[in-house]
Amino acid sequence: RGLAVAANEAPEDTKIVGASTGSIILILAGTLSVTTLLALISKNIASVAKDIIGIRNQIETLRQQKLLTTVIEKELKKQETTKKDQALKEIISLIKKQTPGLDGEQVTAVESSIKKLLTFNEKGGNVDFVAPDTDGDDPDEDESEGNEERRGALAAVRSAIHEYQEVRE
């Protein structure tokens, strides 16, 4: 919802078009701007998740080696919280650059969405994207300014998705 609001679109414009059983797999159909925002956020969350996993591994390693004290554990958990807070600020800053002119309500909605996505990721959830196909040389497509803008937007979405997938792996 928050990302749609930030993109000045109705949340209803992003639809769940399919779901699978076994895991929670939702297939969403979204606009270019919402998909781009989600890919950019996911990329940043994936890199934060790696850092947090590293900190948690340190805690577990020290615990197994019987070197973990409550002071060390508190400090490492403090680092984890700091990383999350910094990530939230960085992501909101990135969203503000991507969608200038956000008002207070939109920023709050985006912040809430990012926190939910961080929590989802921490609990083992995974977000993945299928990049839009590259436009071939379609003879029926004219070279109007609108189509050029559309191609540029699709290229930006593709790039954001590929960057996210690189960080995630």
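When a residue number appears, it is its place in the shown sequence, counting from 1.
- With S112 contributing its side chain and A109 its backbone, the two residues share no donor-acceptor pair below 3.5 Å.
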**Test log, rule side-chain contact (heavy atoms from CB on, under 4.5 Å), inputs K115 and K84** = CA-CA 9 Å; K115 286 178 182 177; K84 287 181 196 176; over 6 Å; no
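- A pairwise comparison of heavy atoms in K83 and V48 identifies O-CG1, 4.4 Å as the closest pair.
- Looking at T108, its side chain does come within 3.5 Å of a backbone N or O of G104 through a donor-acceptor pair.
- Alongside I72, the hydrophobic cluster contains I55, I59, L62, L67, L68, L76 (criterion: ILVMFWY side chains under 4.5 Å).
- Between the CD1 atom in I45 and the OG1 atom in T119 there is a gap of 9.0 Å [rounded to 0.5 Å].
- Rounding to the nearest 0.5 Å places CD of Q79 at 15.0 Å from NZ of K74.
- The CD1 atom of I92 sits 11.5 Å away from the CG atom of N44 when rounded to the nearest 0.5 Å.
- If you take CD on Q106 and CD1 on I95, they are separated by 12.0 Å, rounding to the nearest 0.5 Å.
- With values rounded to the nearest 0.5 angstrom, I91 atom CD1 is found 5.0 Å from I114 atom CD1.
- In this structure R56 satisfies the side chain to side chain donor-acceptor pair (under 3.5 Å) test together with E80, sequence neighbours excluded.
- Atom OG of S113 and atom CG of L118 lie 11.0 Å apart (nearest 0.5 Å).
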